[in-house]
2 protein chains.
Amino acid sequence: MRAEKVTSVDVARRAGVSQSAVSRVFTPGASVSPKMAEKVLKAAQELGYRPNVLARSLITGRSRIIGLVVAYLENQFYPDALEKLSTALQAHGYHILVFMVSNDDAGVDKVMGELLDYQVDGIITASVGMSNALAARCAAAGVPVVLFNRGQDDERLNQVTSNNFEGGRKIAEFLVAGGHRRIAHIAGWSGSSTGRDRQSGFLAGLNAAGLDITRCIDGMYNRETAAAATREIFSGNERPDAVFVGNDHMAFAVMDVLRFELKLDVPGDVSVVGYDDVPLASWPAYDLTTLRQPSNRMVEATVSTLLGWIEEGSNDVQKIQIDGPLMIRGSARIPEGWPDERL
Amino acid sequence: MRAEKVTSVDVARRAGVSQSAVSRVFTPGASVSPKMAEKVLKAAQELGYRPNVLARSLITGRSRIIGLVVAYLENQFYPDALEKLSTALQAHGYHILVFMVSNDDAGVDKVMGELLDYQVDGIITASVGMSNALAARCAAAGVPVVLFNRGQDDERLNQVTSNNFEGGRKIAEFLVAGGHRRIAHIAGWSGSSTGRDRQSGFLAGLNAAGLDITRCIDGMYNRETAAAATREIFSGNERPDAVFVGNDHMAFAVMDVLRFELKLDVPGDVSVVGYDDVPLASWPAYDLTTLRQPSNRMVEATVSTLLGWIEEGSNDVQKIQIDGPLMIRGSARIPEGWPDERL
DNA sequence: CTTCAGTTTGCATACGTATGCAGAAAGTTC
DNA sequence: GAACTTTCTGCATACGTATGCAAACTGAAG
């Protein structure tokens with residue numbers, strides 16, 4: 001059962017050339033004559049030789065591995081992003097090494113150490129923060145980091161997010177224009193920049209119309225917490241007539257509670273707006289009005305930033321914010337004559 | 001910006017010992033005196049040394065990387081499994097390298113080559129098949145493979161699935177007991193063992209009651225295809241009164257079409273049963289009756305099989321089938337006095 | 001203090017590849 | 001065909017670690 005590894009030396013012997021020649025044939029851009037290439041490729045073919053990426057990385061200092069740190073995949077936004085990131089990176093010859101982590105500093109630090117052990121060429125964190133000590137270590141190790149869908153005040157960390165403040169503001173504007181006056185917010189986790197920015201944008205939007213948030217509870221980006229918050233907010237008799245929920249994943253829970261527990265009509269009794277536009281949001285069962293995070297463009301920006309650092313030695317830190325449209329669907333009252341922003 | 005890597009040699013110099021000593025301190029089970037360990041660990045601590053996993057793998061022949069090949073993450077079953085697999089493997093010091101792949105032989109073969117380049121210690125494929133040539137290559141390379149949620153007739157490939165035949169049969173029994181007589185099937189992709197087994201189990205169950213499948217279309221595990229199939233099957237006037245859908249992901253599409261396009265009541269007009277029991281199935285918006293694939297136990301079986309091959313040199317091929325219960329919810333008529341199998 | 005077994009250490013080498021350097025071959029120009 | 005330039009090849013070495021082997025040390029028993 002034990003494998004006999006075939007190495008570049010074996011190929012060299014068979015082709016009657018030196019090991020360096022074999023290496024050069026498999027190194028793009030190296031200098032080899034056509035007939036050398038042919039001889040070597042033939043021998044390699046016959047033996048089933050393929051270069052050992054790990055051994056190569058030892059010399060070149062490049063592993064072609066990107067570490068992805070992610071806290072949970074329950075929210076559909078993340079598997080979707082993971083799929084797109086992986087596909088995009090694969091096209092450039094990189095692959096993703098996954099690190100699941102509990103979303104606290106200790107967990108992240110521990111895992112990040114393991115990550116560096118693998119000599120990753122770059123790190124993407126999806127909605128996970130980093131301690132300063134850690135950011136320093138990555139910088140010291142020369143490993144570029146991109147925070148995907150999470151901002152953080154650190155001069156060393158690239159980040160790609162949607163324009164969360166503006167998104168929150170847009171949603172406020174939309175709800176106000178729809179005639180809502182008692183507006184609640186089930187917020188994204190206050191420990192995250194996304195949660196905070198969406199909330200402050202939302203608040204700014206309401207304030208601009210002379211309104212305030214009627215009721216606000218942190219939903220922790222968690223389905224159960226959001227459901228409990230909904231019960232709390234909507235079971236009294238002074239209930240709001242609209243709610244902005246910090247992401248779609250929680251918004252589904254909110255709608256389920258409103259409809260199936262509290263027997264309220266959405267959007268008749270309550271308008272619900274989410275954030276993300278995950279695929280499920282467009283399914284008729286929810287038909288959720290939500291602010292789209294343009295994951296394609298976010299992924300694109302993430303990949304090009306990362307590859308810029310890795311391959312072109314770039315070192316200017318990017319803080320990229322991408323605007324997304326409000327996807328108007330059936331879960332919230334549509335203001336008279338509101339322009340349809342859909343793509 | 002370039003990093004000064006700290007190596008075992010640096011640590012050795014600082015601690016005033018040999019490089020081998022350092023190596024031994026970081027190799028579990030090697031022979032080192034307590035005071036040597038202390039000296040080395042202190043020096044390592046001060047320099048921030050951590051062993052280079054890649055260099056280590058060159059010597060030991062173990063990379064502590066498991067390759068995961070997966071076709072798409074849209075169906076919630078897979079991110080869920082990925083999360084659990086990754087967490088379980090991490091606990092054993094392994095990590096998952098992700099390979100997204102289009103579900104055809106050419107795509108799989110190409111990607112699998114890249115996979116072997118990384119010297120992975122094992123391979124898990126999630127609902128993806130392998131050509132025989134490929135299975136042979138993995139066997140030759142001594143890399144164990146586990147097919148997760150996919151069976152295949154190959155003596156060299158481990159596999160872990162739910163008991164799809166029995167699951168299909170149970171569902172037939174359930175629907176028949178519910179008084180349904182015109183029963184349709186939107187099948188899982190006929191190119192997959194899961195799809196075929198569920199279908200034949202279902203058929204066997206119906207036959208046992210003297211019934212047959214009224215109408216059957218391959219839904220390709222694809223939302224759009226399943227939706228189209230639903231329109232096809234249910235828009236005529238001789239419509240079935242129940243449908244078994246090959247997985248939950250398609251079942252949601254089917255319910256959406258039935259309710260929102262065809263204005264049929266579920267389960268009043270049509271009973272719908274799915275397969276998988278993804279988290280979404282239990283959300284009230286769908287409240288889908290479905291056969292649970294016990295992903296926890298499937299993951300556990302996958303991990304222990306894989307580690308058995310890798311660490312204990314096991315070489316008996318496992319073909320594991322795990323039974324799952326029918327989760328009875330609100331999308332299908334419940335037969336009088338039917339025992340509740342829920343956990 | 002000697003002997004001997006057991007433990008700990010350093011030396012040297014190996015893993016599979018890439019690359020600087022110098023020499024060989026091939027091509028160009030007169 | 002000589003002189004020169006360009007392209008190609010092999011030699012040697014390096015990357016960071018683990019491990020067999022023999023030497024050095026430790027401690028116990030006599």
Side-chain angles (χ1 to χ4, degrees), chain A residues 2-41 43-44 47-65 93 116-121 141-142, chain B residues 2-41 43-44 47-65 93 116-121 141-142:
Chain A
R2 208 55 241 144
E4 52 282 356
K5 304 255 174 207
V6 25
T7 75
S8 58
V9 177
D10 301 326
V11 177
R13 191 173 310 132
R14 173 162 196 134
V17 302
S18 73
Q19 180 269 327
S20 359
V22 177
S23 168
R24 275 187 262 263
V25 171
F26 285 92
T27 305
S31 149
V32 228
S33 70
K35 69 170 181 288
M36 164 71 80
E38 192 196 0
K39 257 195 304 190
V40 169
L41 286 174
L47 295 176
Y49 168 77
R50 305 205 46 163
N52 179 333
V53 176
L54 268 36
R56 172 180 283 175
S57 81
L58 199 52
I59 282 282
T60 61
R62 300 216 172 302
S63 60
R64 307 200 80 81
I65 297 178
L116 294 174
D117 296 348
Y118 279 93
Q119 313 298 114
V120 293
D121 288 343
Chain B
R2 208 53 243 146
E4 51 283 354
K5 306 254 173 206
V6 24
T7 76
S8 59
V9 177
D10 301 325
V11 177
R13 192 173 311 134
R14 172 159 198 137
V17 301
S18 74
Q19 180 269 328
S20 358
V22 178
S23 168
R24 274 188 263 262
V25 170
F26 286 91
T27 305
S31 149
V32 227
S33 69
K35 69 169 181 288
M36 164 70 82
E38 193 195 359
K39 257 195 304 188
V40 168
L41 286 174
L47 296 176
Y49 169 75
R50 305 203 47 161
N52 179 333
V53 178
L54 268 36
R56 172 178 285 173
S57 80
L58 199 52
I59 284 281
T60 61
R62 299 216 172 301
S63 60
R64 308 200 78 82
I65 296 178
L116 294 174
D117 296 348
Y118 280 93
Q119 313 297 115
V120 293
D121 289 343

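Letters A, B, ... mirror the listed sequences (proteins, then strands); counts begin at 1.
- Each of C:dT17, C:dG16, D:dG16 was ranked by its minimum atom distance to the side chain of A:Lys5; first place goes to C:dG16.
- By the 4.5 Å heavy-atom criterion applied to side chains, A:Leu54 and A:Tyr118 are not counted as neighbours.
- Residue A:Arg62 contributes atom CZ, which lies 16 Å from atom C1' of C:dT17 at whole-angstrom precision.
- Nearest to the side chain of B:Ser33, among C:dT8, C:dT17, D:dT9, sits C:dT8.
- Rounded to whole Å, the distance from CG on A:Asn52 to C1' on C:dA18 is 13 Å.
- When the P atom of D:dT17 is taken as reference, atom CZ of B:Arg64 falls 16 Å away, rounded to whole Å.
- Atoms OG and CZ, from B:Ser18 and B:Arg24 in turn, are 6.5 Å apart once rounded to the nearest 0.5 Å.
- The shortest distance between side-chain heavy atoms of B:Asn52 and B:Thr7 does not fall below 4.5 Å.
- If you find the closest nucleotide of DNA chain D to B:Pro51 and to A:Lys35, the one lying nearer the 5' end belongs to A:Lys35.
- For D:dC11, the OP1/OP2 oxygens have no side-chain nitrogen or oxygen of A:Ser18 closer than 4.0 Å.
- Here C:dT17 is the nucleotide among D:dT17, C:dT17, D:dT19 with the atom lying nearest to any side-chain atom of A:Ser23.
- Residue B:Thr7 is in sugar-phosphate contact alone, with no base atom involved, counting any heavy-atom pair closer than 4.0 Å across all strands shown.
- Distance from the side chain of B:Ser20 is smallest to D:dT19 among C:dA14, D:dT19, D:dC8.
- Among the atoms of the strands shown, only primed sugar atoms or phosphate atoms (P, OP1, OP2) are found under 4.0 Å from some heavy atom of B:Val32.
- For the pair B:Asp10 CG and D:dC15 P, the computed distance is 11 Å after rounding to whole Å.
- Rounded to an integer number of Å, the gap from CD of A:Gln19 to P of D:dC11 is 11 Å.
- Here the side chains of B:Met36 and B:Val17 are in contact, with some heavy-atom distance below 4.5 Å.
- Residue B:Arg24 places its side chain closer to C:dG10 than to any other of D:dG10, C:dG10, D:dT17.
- Counting only distance, with no hydrogens or angles, the side chain of A:Ser8 and the backbone of A:Ser23 share no donor-acceptor pair below 3.5 Å.
- For B:Met36, counting side-chain heavy atoms from C-beta on, the closest listed nucleotide (C:dT17, D:dG10, C:dT9) is C:dT9.
- When rounded to the nearest whole Å, the span between CZ of B:Phe26 and C1' of D:dG16 equals 13 Å.
- Nucleotide D:dA18 holds its P atom 11 Å from the CG atom of B:Leu58, rounded to whole Å.
- Here the C1' atom of nucleotide D:dG20 and the CD1 atom of B:Ile59 are 12 Å apart, to the nearest Å.
- Proximity note for A:Val17 (side chain, C-beta onward) versus C:dT17, D:dT17, D:dG10: the nearest is D:dG10.
- The phosphate of D:dT17 has OP1 or OP2 within less than 4.0 Å of a side-chain N or O from B:Tyr49.
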